[in-house]
Amino acid sequence: MTAGTIDVRQEWNELTDYDQELYLDAVETAIERGLHQRFALWHVNSQVWAHDTCSFFLWHRYFTRAYERMLQSLMARMENVTIPYWNIVRDYNKQEDGSYKCREYGTCSSIVYDLGGKPTGSSEEDIYYRAYFDIEELGWIHQGPPIQNMWDDKQRGGTVRFDMLVERIPKGCSATEVSNLFIDPKHQEESSSLLSTKQNALNFWRRLQVGVHDNVHDTVGGFMRRPASPIDPLFFPWHSTIDAIGYLYEICHHQIVDIENESLPATVENQDWNWDNSCWYTPEAKELYPDARYRNSLSKEWFLQTGSESNSSNISIWEDPLIGSFFMNSDDLTWWNLLNTTTSNPQLGYIYSDNILPEVQELLRNDSKICPTNLKGMRRFSPTKTDRLQPRSSFTAQEIITDFVPAWMDQAVFSWKNRVANDGGLNSSIEQLKSHSFCLFENLDHDTLERWAIDNAFVADIVPHNRIIHHPACQGILLFNEDSIFVQNSTVLQPPPMSSPADRHGLSIFVYLASAIYIAIQGAQVVAHWS
């Protein structure tokens, strides 16, 4: 959601059905283009700097905002998409309140299944491994929207988590525990702003990291507790929540940093921000980043793919050809530019809706010791239903089969035939190309086909970039040479699903059977056309 030129992040359950669908469509498109996976890879390769130094909070703010900017770039209808946050405090209260019929993540937090779907199995026999970036995890398989088109290193679909009908939301998510993060144990008697003392600022960010942040990552489990955590679609909404807590913290102490006037008060400006050992949490971090400090501009070494100095192929995030452009330019960027304020930071360009984590807000407004401003002056933005209502196109299965699929198959065969002539690396006949196109549409879920129909994506984006040519269910139909452009252009992209998962439109098996029959009939026409 956008208010003027400022993006406004809202809670997942505040979004209309349309806005939830739009966010899912955006993530699905990002996965289809390999962009979602690329962000996850950078997170894997930036583990030490992003988690073992005091940059944790602001690094992830920068990273999450870049992902948000990427989503907004995908399609015109997605230009105002923002990453929702997850009010886990509310859900924890429901879990602990006997009047609610929920006792764990799966029944208290709708977002857990809204992003990834319910697990595909129902017994311990349905627990499987998945592997991303050579990191393997065991758990319950989730393969619903928006990750129905995401496949792991071994062409297996989805991600894994712990059993969400067993795992309880941890106590660290209560309003009291979250508000207690604002109290520095070393300076509980001080009435001055916590941000006025370098140790207090670092202590808050560190307590936030090892507290509620780690609690949720560890209890959701699966890849959420591993360096490949951004693979799970819960990662970015969860980090939007962590950022929201930090956002409230900054509002409590906003008088310390005047971002709008691009200046720092003397109490901050005159401090020595090279904190020696205080900015390192592990020996490895100290060894890799001996000069880590906040007041410097963002050093490119901080975003190197760590492996680290021995890897001559390392590049900075800004040089990444797929996602580098979504990160703010480093020439004049400092960590202070990543602090948000009540009037919003022009460098970041987003705020949160004013009812952000209301359970926490209530405690902060009533205790000036932990929130000196009592949140006064917080910028207000409460979206109304009319602000968020937009028409959304939709197509029935029969409409897609009748109005789109025949033309798509025709276009696919035509495009691949021409590229075979130019490439020479695809040793397949026209008959094999036809069979391959039939196979693809028999194995794609309705949600993907509908999204392509809405965005005219198949002809404009999917076919030209070979985004579906390596579908796991259709392996062996086409024969490739190793140097084929079909192989080269697909190395960073994940193929669509092998089987049709239960999608959010409830397409039944009977419709799929009818679709297959219709495709066969239409396919005969395409065969005749290309014979």
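Computation of the quantities below employed the complete heavy-atom set of this structure, encompassing side-chain atoms and omitting hydrogens, waters and symmetry-equivalent molecules.
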For the pair Ile83 and Tyr67, evaluate side chain to side chain contact (heavy atoms under 4.5 Å, CB included) and give the outcome as yes or no after the intermediate values.
-> CA-CA 9 Å; Ile83 298 176; Tyr67 185 86; 3.8 Å; yes

Should Phe39 and Phe327 be marked as a ring pair (Phe, Tyr, Trp, His ring centres under 6.0 Å) after you check the CA-CA gap, both sets of side-chain angles, and the distance that decides it?
-> CA-CA 11 Å; Phe39 271 86; Phe327 288 80; 5.8 Å; yes

With side chain to side chain contact (heavy atoms under 4.5 Å, CB included) as the test, would you mind laying out the steps for Ile323 and Trp42 before giving the verdict?
-> CA-CA 10 Å; Ile323 64 174; Trp42 273 101; 3.4 Å; yes

Residues Tyr132, Leu41; criterion side chain to side chain contact (heavy atoms under 4.5 Å, CB included); working and verdict = CA-CA 9 Å; Tyr132 288 94; Leu41 178 60; over 6 Å; no

Test ring pair (Phe, Tyr, Trp, His ring centres under 6.0 Å) applied to His446 and Phe395, step by step = CA-CA 9 Å; His446 176 79; Phe395 300 93; 8.8 Å; no

Begin with the C-alpha distance, continue with both residues' side-chain angles, and end with the deciding distance and a verdict on side chain to side chain contact (heavy atoms under 4.5 Å, CB included) for Leu357 and Ile245.
-> CA-CA 8 Å; Leu357 301 174; Ile245 296 172; 3.8 Å; yes

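At distances below 3.5 Å, at least one donor-acceptor pair connects side-chain atoms of His36 with backbone N or O atoms of Pro230. Not a single donor-acceptor pair under 3.5 Å links the side chain of Tyr247 to the backbone N or O of Ile356. A donor-acceptor pair is defined here as one N or O able to donate and one able to accept, closer than 3.5 Å; such a pair exists between the side chain of His43 and the backbone of Pro227.
Asp445 and Gln148 make their closest contact through OD2-NE2, 3.3 Å (heavy atoms, listed as atom of the first residue, atom of the second, distance). For the residue pair Pro84 and Trp12, the shortest heavy atom distance occurs at CG-CE3, 3.6 Å. The two residues Glu11 and Asn87 come nearest to each other via the heavy atoms OE2-N, 2.9 Å. Of all non-hydrogen atoms in Ile169 and Cys108, the two that sit nearest each other are CD1-CB, 4.1 Å. In this structure, Arg33 and Asp461 approach most closely via the heavy-atom pair NE-OD2, 3.4 Å. Closest approach of Glu68 and Val81 over heavy atoms only: CG-O, 4.1 Å.
Annotation: side chain of Arg38 is not in contact with side chain of Met70 (no heavy-atom distance under 4.5 Å). Between Val160 and Leu138 the shortest side-chain heavy-atom distance does not fall below 4.5 Å. Within the 4.5 Å cutoff, the side chain of Leu74 has heavy atoms near those of the Leu35 side chain. Taking 4.5 Å as the limit, some side-chain heavy atom of Leu248 sits within range of a side-chain heavy atom of Gln361. The shortest side-chain heavy-atom distance between Gln72 and Thr82 falls under the 4.5 Å cut-off. Contact annotation: the side chain of Asp447 approaches that of Glu28 to within less than 4.5 Å [non-hydrogen atoms, C-beta and beyond]. Within the 4.5 Å cutoff, the side chain of Glu104 has no heavy atoms near those of the Val166 side chain. Contact of the Asn93 side chain with the Glu359 side chain is registered, since non-hydrogen atoms from C-beta on lie closer than 4.5 Å.
Here Cys173 pairs with nothing under the disulfide (SG to SG under 2.5 Å) rule; sequence neighbours left out. Here Tyr92 pairs with nothing under the side-chain hydrogen bond (donor to acceptor under 3.5 Å, both in side chains) rule; sequence neighbours left out. Arg103 meets the side-chain hydrogen bond (donor to acceptor under 3.5 Å, both in side chains) test with no other residue; sequence neighbours excluded. Tyr113 is linked by a side chain to side chain contact (heavy atoms under 4.5 Å, CB included) to Lys118, Pro119, His142, Met164, Leu165, counting only residues two or more places apart in sequence or in another chain. For His239, the ring-ring contact (aromatic ring centres under 6.0 Å, His included) criterion is met by His60, His213, His217, Phe235, not counting sequence neighbours. By the side-chain hydrogen bond (donor to acceptor under 3.5 Å, both in side chains) test, Trp408 is found to be paired with no residue, residues two or more places apart in sequence or in another chain being considered. Not counting sequence neighbours, Ser435 has no partner by the side-chain hydrogen bond (donor to acceptor under 3.5 Å, both in side chains) test. Remark: Ser73 pairs with Phe326 by the side chain to side chain contact (heavy atoms under 4.5 Å, CB included) rule, at least two apart or across chains. Thr241 pairs by the side chain to side chain contact (heavy atoms under 4.5 Å, CB included) definition with Tyr85, Trp86, Trp238, not counting sequence neighbours. Partners of Ala131 under the side chain to side chain contact (heavy atoms under 4.5 Å, CB included) rule, at least two apart in sequence or in another chain, are Glu136, Asp152, Asp153, Arg156.
Atoms CD1 and OG, on Ile88 and Ser109 in that order, are 5.5 Å from each other to the nearest 0.5 Å. The distance from atom CG of Asn45 to atom CD of Gln47, rounded to the nearest 0.5 Å, is 9.0 Å. The structure places CZ of Arg90 at 13.0 Å from CD of Gln95, a figure rounded to the nearest 0.5 Å. Taking OG of Ser46 as the start and CD1 of Ile317 as the end, the distance is 6.5 Å to the nearest 0.5 Å. With rounding to the nearest 0.5 Å, the separation of CG in Asn443 from OG1 in Thr448 is 11.5 Å. Atom CD1 in Ile141 sits 8.0 Å away from atom OG1 in Thr159 (nearest 0.5 Å).
A cation-pi arrangement is present between Arg9 and Tyr350, with the terminal nitrogen or guanidinium carbon under 6.0 Å from the aromatic centre and inside a 45° cone about the axis.
Taking the centre of each ring, Phe63 and Phe236 come in below the 6.0 Å mark. Ring to ring, Tyr18 and Tyr23 are not that close: their centroids are 6.0 angstrom or more apart.
Screening residues 396-405 for salt bridge (Lys or Arg N to Asp or Glu O under 4.0 Å), with sequence neighbours left out, gives no hits. Applying the salt bridge (Lys or Arg N to Asp or Glu O under 4.0 Å) test to every pair with at least one member in residues 222-235, sequence neighbours left out, gives these pairs: Glu137-Arg225, Glu137-Arg226, Arg161-Asp232.
Gln37 and Trp151 form no side-chain donor-acceptor contact under 3.5 Å, judged by distance and modelled atom types alone. Using modelled atom types and a 3.5 Å distance limit, the side chains of Asn355 and Gln10 yield no donor-acceptor pair. Tyr128 and Thr120 are not linked by any side-chain donor-acceptor pair at a separation below 3.5 angstrom, with hydrogens and angles left out of the test. Side chains of Asp243 and Thr64: no donor on one and acceptor on the other come within 3.5 Å.
In this structure, Trp452 and Phe458 have tilted ring planes: the angle between them lies in the 30° to 60° band.
A salt bridge between Arg77 and Asp25 is present, with a side-chain N of the basic residue lying under 4.0 Å from a carboxylate O of the acidic one. Salt bridge present: Arg65 and Asp7 bring a charged side-chain N and a carboxylate O closer than 4.0 Å.
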